[in-house]
Amino acid sequence: MKTLENDRFLRALLRQEVDRTPVWIMRQAGRYLPEYRKLRAEAGSFMDLATNPELACEVTLQPLRRFPLDAAILFSDILTIPDAMGLGLYFVTGEGPKFERPVRDAAAIAALAVPDPEERLSYVTDAVRKIRQELAGTVPLIGFSGSPWTLATYMVEGGSSRNFARTKALCYTDPRAAHELLDKLAQAVTAYLNAQIAAGAQAVQIFDSWGGALGFEAFQEFSLRYMAQIVDGLKREQDGQRVPVILFSKGCNTQLEALAATGADALGVDWTISLREARQRVGQQVALQGNLDPSVLLAPPARIRTEAERVLDSFGPGPGLVFNLGHGITPEVPPEHLGALIKHVQAYSARSTEP
């Protein structure tokens, strides 16, 4: 097995010493890049990109050609699993993802089958293999999935939602059906991530984008429980190397201790908590990833540098930090602003590790 030229990201996730803080950016391959917009227009649609392994590989590599990032992340979508379950995923400009056949009752849930990722999602695993080949051992590749709760919200609502009324109503009026849906999704996510790991993903992240919509106890019942089930079922070593697992539950700072107890290697945190407080609460259990407000990247570079230092200083000295945003980069961000951020994080964190 070829040794990675740059393994800072993996080392940081395992709380090992690094010479500077590694950095990657959620949604680093996406609409803020003009080369992405051009390729998407040529491909015809988002799904035409995501389901074509050659094009998905190209999109994954685009930000790495611009910026000295410490990891690549697979270009795909969290809704590939519901699509593979036969719900008919499509996208509406200005409205986001939609499903032709939402799942809204016990009978529809009972009819769902857990998809075989190598059969129904082979375009994803083919893309992982292609990306690993093209990366040629330069930086690690991150695979990912949505969390069961987050996937369920789209499946029940039929698309995006502001209040998740249908999904919450299912949980409280027919909890047995809700748990059946979440359990099937946990099985599907576990198989899907294990397939990505087998294909070459060197770390995986679970995006619990809508976990913060749940109350404290409801989060533990309907989201945390199933993420812990996934973590427990993941293949944690491949080719003799540890495969770290990151949990990112947006808006769930009250749950940090419980998230850390799942057995994950790292927690992504949003910008509504300081890394200092998060680190104090989780102690030595996990690494942390985050947590710059994405809107900071709309500010002038001088302010971006100041805010980046604030994040790094908040975490303090010692291992266990991956610098990232507290959520995905937005389409309005000028690419040169991201370049300024990455350059400064690398330089400032390298200075802070000097004896």
Side-chain angles (χ1 to χ4, degrees), residues 45-53 56 74-92 95-128 143-161 164-171 173-199 201 204-211 213 222-223 225-235:
S45 72
F46 174 85
M47 288 305 289
D48 287 330
L49 279 182
T51 58
N52 183 313
L74 165 71
F75 177 74
S76 187
D77 191 83
I78 64 170
L79 298 179
T80 51
I81 287 176
D83 187 44
M85 288 177 153
L87 273 62
L89 175 65
Y90 66 101
F91 288 81
V92 177
E95 296 183 33
K98 303 277 187 180
F99 284 110
E100 296 173 1
R101 294 171 289 279
V103 176
R104 290 178 177 161
D105 56 39
I109 291 168
L112 291 173
V114 176
D116 181 339
E118 284 291 359
E119 178 183 337
R120 300 299 304 276
L121 293 162
S122 59
Y123 62 88
V124 176
T125 52
D126 287 347
V128 170
F144 72 91
S145 175
S147 71
W149 164 254
T150 292
L151 298 181
T153 66
Y154 288 98
M155 294 168 71
V156 176
E157 304 293 335
S160 302
S161 175
F164 310 100
R166 287 191 175 100
T167 318
K168 290 186 176 183
L170 177 68
C171 291
T173 61
D174 194 350
R176 183 173 181 176
H179 282 297
E180 181 180 357
L181 173 59
L182 292 164
D183 182 67
K184 285 185 176 182
L185 286 168
Q187 293 178 52
V189 170
T190 304
Y192 183 48
L193 290 178
N194 279 335
Q196 291 183 39
I197 291 167
V204 292
Q205 176 160 311
I206 299 171
F207 285 87
D208 188 33
S209 303
W210 303 125
F222 296 110
S223 184
R225 167 180 170 180
Y226 293 99
M227 288 192 289
Q229 179 178 325
I230 293 164
V231 172
D232 189 55
L234 287 179
K235 186 175 184 180

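Please read all numbers here as calculations on a predicted model, not as lab measurements.
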A.B. asks: What is the minimum heavy-atom distance between S76 and F46, and which atoms define it?
C.D. replies: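 Nearest heavy atoms, S76 then F46: O-CZ, 3.8 Å.
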
A.B. asks: Which heavy atom of S122 sits nearest to which heavy atom of T125, and what is that distance?
C.D. replies: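 Taking every non-hydrogen atom into account, O-OG1, 3.1 Å.
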
A.B. asks: Between N194 and G233 (side chain of the first, backbone of the second, donor and acceptor by atom type, cut-off under 3.5 Å), is there such a pair?
C.D. replies: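 Judged by distance alone, yes, a pair lies under 3.5 Å.
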
A.B. asks: Once you round to the nearest 0.5 Å, how far does CG of L185 lie from OG1 of T150?
C.D. replies: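 If we round to the nearest 0.5 Å, L185:CG and T150:OG1 are 10.5 Å apart.
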
A.B. asks: If I compare all heavy atoms of A56 with all of A127, which pair ends up nearest, and what's the gap?
C.D. replies: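 Shortest heavy-atom separation between A56 and A127 comes out as CB-CB, 4.1 Å.
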
A.B. asks: Is the closest side-chain donor-acceptor distance between S160 and E95 under 3.5 Å?
C.D. replies: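 Checked: S160/E95 side chains show no N/O donor-acceptor pair below 3.5 Å.
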
A.B. asks: Side chain to side chain contact (heavy atoms under 4.5 Å, CB included) for I206 and L193? Distances and angles first, verdict last.
C.D. replies: CA-CA 9 Å; I206 299 171; L193 290 178; 3.9 Å; yes

A.B. asks: Would you call M47 and D83 a side-chain contact if the rule is heavy atoms closer than 4.5 Å?
C.D. replies: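 The answer is yes, as the side chains (C-beta and beyond) meet within the 4.5 Å cut-off.
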
A.B. asks: For the pair F207 and F144, name the ring-plane relationship: parallel under 30°, tilted 30 to 60°, perpendicular over 60°.
C.D. replies: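 F207 vs F144 ring planes: perpendicular.
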
A.B. asks: Just verifying a value: how many Å separate L87 CG and L79 CG, rounded to the nearest 0.5 Å?
C.D. replies: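 These two atoms lie 10.0 Å from each other.
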
A.B. asks: How would you list all residue pairs meeting salt bridge (Lys or Arg N to Asp or Glu O under 4.0 Å) that involve residues 102-123, not counting sequence neighbours?
C.D. replies: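 Every pair satisfying salt bridge (Lys or Arg N to Asp or Glu O under 4.0 Å) with a residue in residues 102-123: E118-R129.
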
A.B. asks: Could you tell me whether the side chain of W149 and the main chain of W210 form a donor-acceptor pair under 3.5 Å?
C.D. replies: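 Yes: the side chain of W149 pairs with the backbone of W210.
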
A.B. asks: Is E180 salt-bridged to K184, cutoff N-O under 4.0 Å?
C.D. replies: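 Judged by the 4.0 Å cut-off on N to carboxylate O distance, E180 and K184 do form a salt bridge.
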
A.B. asks: So, for A152 and L181, which heavy atoms are closest and what is the spacing to 0.1 Å?
C.D. replies: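 Heavy atoms of A152 and L181 come nearest at CB-CD2, 3.9 Å.
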
A.B. asks: With rounding to the nearest 0.5 angstrom, report the CG to CG distance, L121 to D126.
C.D. replies: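 Here the interatomic distance stands at 11.0 Å.
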
A.B. asks: Roughly how far, to the nearest 0.5 Å, is CD of E157 from NZ of K98?
C.D. replies: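 The NZ atom of K98 sits 10.5 Å away from the CD atom of E157.
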
A.B. asks: As an exercise, state the distance from CZ of R225 to CG of L182, rounded to the nearest 0.5 Å.
C.D. replies: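 Spacing of CZ (R225) from CG (L182) equals 8.5 Å.
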
A.B. asks: So, do M85 and V103 sit near enough that their side-chain heavy atoms are less than 4.5 Å apart?
C.D. replies: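 With C-beta onward as the side chain, the pair stays apart.
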
A.B. asks: If you apply the rule side chain to side chain contact (heavy atoms under 4.5 Å, CB included), what do you find for I81 with S145, and how did you get there?
C.D. replies: CA-CA 8 Å; I81 287 176; S145 175; 3.9 Å; yes

A.B. asks: Would you check if D174 and I109 make a side-chain contact, meaning some heavy-atom pair closer than 4.5 Å?
C.D. replies: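 When only atoms from C-beta onward are counted, I109 and D174 do not touch, as no gap falls below 4.5 Å.
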
A.B. asks: For this output row, return yes or no: ring centroids of Y154 and F99 closer than 6.0 angstrom.
C.D. replies: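 Centroid separation for Y154 and F99: 6.0 Å or greater.
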
A.B. asks: So L151 and Y226, side chain to side chain contact (heavy atoms under 4.5 Å, CB included) or not? Walk me through it.
C.D. replies: CA-CA 12 Å; L151 298 181; Y226 293 99; over 6 Å; no

A.B. asks: Where do M227 and D208 come nearest, in terms of heavy atoms and distance?
C.D. replies: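 Result for this residue pair: CE-OD2, 3.5 Å.
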
A.B. asks: Can you confirm whether I230 sits close enough to P148 that some side-chain heavy atom of one is under 4.5 Å from a side-chain heavy atom of the other?
C.D. replies: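 Touching, per the 4.5 Å side-chain cut-off.
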
A.B. asks: Are the side chains of T190 and Q229 in contact, using a 4.5 Å heavy-atom criterion?
C.D. replies: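 With C-beta onward as the side chain, the pair stays apart.
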
A.B. asks: Applying side chain to side chain contact (heavy atoms under 4.5 Å, CB included), run through Y192 and V124 and close with a yes or a no.
C.D. replies: CA-CA 9 Å; Y192 183 48; V124 176; 3.4 Å; yes

A.B. asks: Where is the tightest heavy-atom contact between P97 and L89, given as atom of each residue plus distance?
C.D. replies: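 For P97 versus L89, the nearest heavy atoms are CB-CD1, 4.0 Å.
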
